[in-house]
There are 2 protein chains.
Amino acid sequence: MSHTLGIRQAQKQKTRQAFLDAALALLEEQSLSSLGLREVTRAVGVAPTAFYRHFRSTADLGVALVDEALGSLHPMVRTTVSTTGDSEERIARAIELIARHVDAYPAHVRFIARERHGGVQPVREAIRAQLVRFAEEVKVELAKDPEAAGWSDEDLLMLAHLYVDQMLITASLFLEALEAPEEERERVTQLATRQLRLISIGRSHWLD
Amino acid sequence: MSHTLGIRQAQKQKTRQAFLDAALALLEEQSLSSLGLREVTRAVGVAPTAFYRHFRSTADLGVALVDEALGSLHPMVRTTVSTTGDSEERIARAIELIARHVDAYPAHVRFIARERHGGVQPVREAIRAQLVRFAEEVKVELAKDPEAAGWSDEDLLMLAHLYVDQMLITASLFLEALEAPEEERERVTQLATRQLRLISIGRSHWLD
DNA sequence: AATTCCGGAGAACAGTTGTTAACTGGATGA
DNA sequence: TCATCCAGTTAACAACTGTTCTCCGGAATT
């Protein structure tokens, strides 16, 4: 199945990835709208003009970063929501999964949180599109739950968006607590758990 | 009581405000970390060096903008939460208030949403501090409600943060729908209403 | 009336930016 | 083997950046 890439294409993808990595690192302490093309090429160790062989602009690079950061996350979100077990267990598992993801890919999480409302329109658009996809996928999983019997499609989507937003808020809190003592991370876990618990309670009494 | 400002101080405050206004306008399509000092002075119609008479840096200007955007909002939030009436009425009133605020000060709302996770640390810090204040104030108002009987302080603060975050999410949605047809704004209102309703339901069954 | 104060102007600094054009040299395909 | 392709290079462009120092003129103080 897998077509082995020629030396040429392999090398190109390698430098392209180097651009993405370097940009992500630089974006830890600034926003995409202030990221310079030369700044990135300097970090990669390559001539400024080489940038154009891969991206039309830094905005274009940003869109590619959105795909890298969120594109591979769909299966994880899907399985997280559809996981079985007690409501309380599911909440704990979801939050732990978020915490682990933030630990593993802090720069990606920071990038999404930062650029979701950032100054570069195409990037905002790309993030919004991915989040809408998340919400729709969550909705599909929620619909499978017996608790969703009698729920309208609109209400299911409403709840799905609530979950997606809550996921982002929690991820952002874990990010802020990354270098903080364990005590602080525990506080975030507690807070997020209680909030999800309240939403879960509201969910189970929605049709009353 | 009010000490009439001298011609000099009055003029200084006037140009200072011109800086804030110009910066806010420029920040509609970029982030603070990419806002140049010269860019702002050009927009105001003043020499670049004049900037230093008012701010140490653009980050400093950003902090001032945070105060302008959120500082005067506390009484409004306080009264919104403590307003009397049916739960459904309160939700509708709160959302309408948010919608009106976004209409009246779209640039301020955009600035806060953008820089909350933006690339300038002192500004992030300033926003976070104000949001913590909001949450604490909301907590105090929630505690007065008879429904809060038996609630722990921690749970009240948890709920308060949920409300504050929800307020920002809703404001951001109204912002995106600003130039959209009335139909879209109505969809946002519906969504936000249902989400607040679910939270309200969860709240009333919290102690079950 | 004389003096100090101070917001803003002007000029100059070294460094940076995005983008263009023409080139090089190794991988690719005939 | 030879011609083609193309990722990356070099050089140069005008335009822009933050910051310093020196100066001006009107308000404020004495």
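Chain naming here is simple, since letters A, B, ... match the order of the sequence lines and numbering starts at 1 in each.
Out of dT9(D), dG7(C), dT20(D), the shortest distance to the side chain of Arg53(B) is found at dG7(C). Taking only side-chain atoms of Arg38(B), from C-beta outward, the nucleotide of dG7(C), dG18(D), dA11(D) with the closest atom is dG18(D). If you check dG8(C), dG26(C), dT16(C) against the side chain of Arg8(A), the one that comes closest is dG26(C). Residue Ala50(B) has its side chain nearest to dG8(C) when only dG8(C), dT19(C), dA27(C) are considered. Distances from the side chain of Ala47(B) to the nucleotides dG8(D), dA9(C), dA28(D) place dA9(C) closest. Here the nucleotide nearest the side chain of Arg42(B), chosen from dT17(D), dA9(C), dG18(C), is dT17(D). Nearest nucleotide to the side chain of Glu39(B), out of dT17(D), dG8(C), dT19(D): dT17(D).
The pair Arg116(A)-Asp165(A) meets the salt-bridge criterion, with a side-chain N (NZ, NE, NH1 or NH2) lying under 4.0 Å from an Asp/Glu carboxylate O. Salt bridge status for Glu136(A) with Lys139(A): absent, with no side-chain N to carboxylate O gap under 4.0 Å. Ion pairing between Arg187(A) and Glu184(A) holds under the 4.0 Å rule for side-chain N and carboxylate O. With respect to Glu182(B) and Arg185(B), a salt bridge is recorded, a charged nitrogen being found less than 4.0 Å from a carboxylate O. A salt bridge links Glu125(A) with Arg128(A); the closest basic N to acidic carboxylate O contact falls under 4.0 Å.
Nucleotide dC6(D) holds its P atom 16 Å from the CD atom of Gln11(A), rounded to whole Å. Atom CZ in Arg16(B) sits roughly 17 Å away from atom C1' in dC6(C) (whole-Å rounding). Across the protein-nucleic acid pair, Gln9(A) atom CD and dA7(D) atom P stand 8 Å apart, rounded to whole Å. In this entry the distance linking OH of Tyr52(B) with P of dC23(D) reads 20 Å, nearest Å. The interatomic distance linking Gln13(B) (CD) with dG8(C) (C1') rounds to 17 Å, in whole Å. Counting to the nearest Å, the C1' atom of dA7(D) and the CZ atom of Phe55(A) are 14 Å from each other. Atom CD1 in Ile7(B) sits roughly 12 Å away from atom P in dT29(D) (whole-Å rounding).
Residue side chain Thr49(B) does not reach the base of dT20(D) through any donor-acceptor N/O pair under 3.5 Å, judged by distance alone.
Both Lys12(A) and Thr58(B) sit near DNA chain D, but only Lys12(A) has its closest nucleotide nearer the 5' end.
The main-chain N or O of Met76(B) is found under 3.5 Å from a side-chain atom of Thr80(B) such that the two form a donor-acceptor pair.
Among the protein residues, Phe51(B) comes within range of no part of the nucleic acid, since none of its heavy atoms lies under 4.0 Å from any strand. Thr15(B) comes within contact range of the sugar-phosphate backbone alone, with a heavy-atom separation under 4.0 Å but no base atom that close.
For the residue pair Glu186(B) / Gln190(B), a side-chain donor-acceptor distance below 3.5 Å is found, with atom types taken as modelled.
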Which nucleotides of DNA chain C pair, in dot-bracket form (Watson-Crick or G-U under 3.5 Å, | meaning another strand): ||||||||||||.||||.||||||||||||

Taking it one step at a time, do Gln195(B) and His161(A) satisfy side chain to side chain donor-acceptor pair (under 3.5 Å)? CA-CA 9 Å; Gln195(B) 290 182 338; His161(A) 269 110; 5.7 Å; no

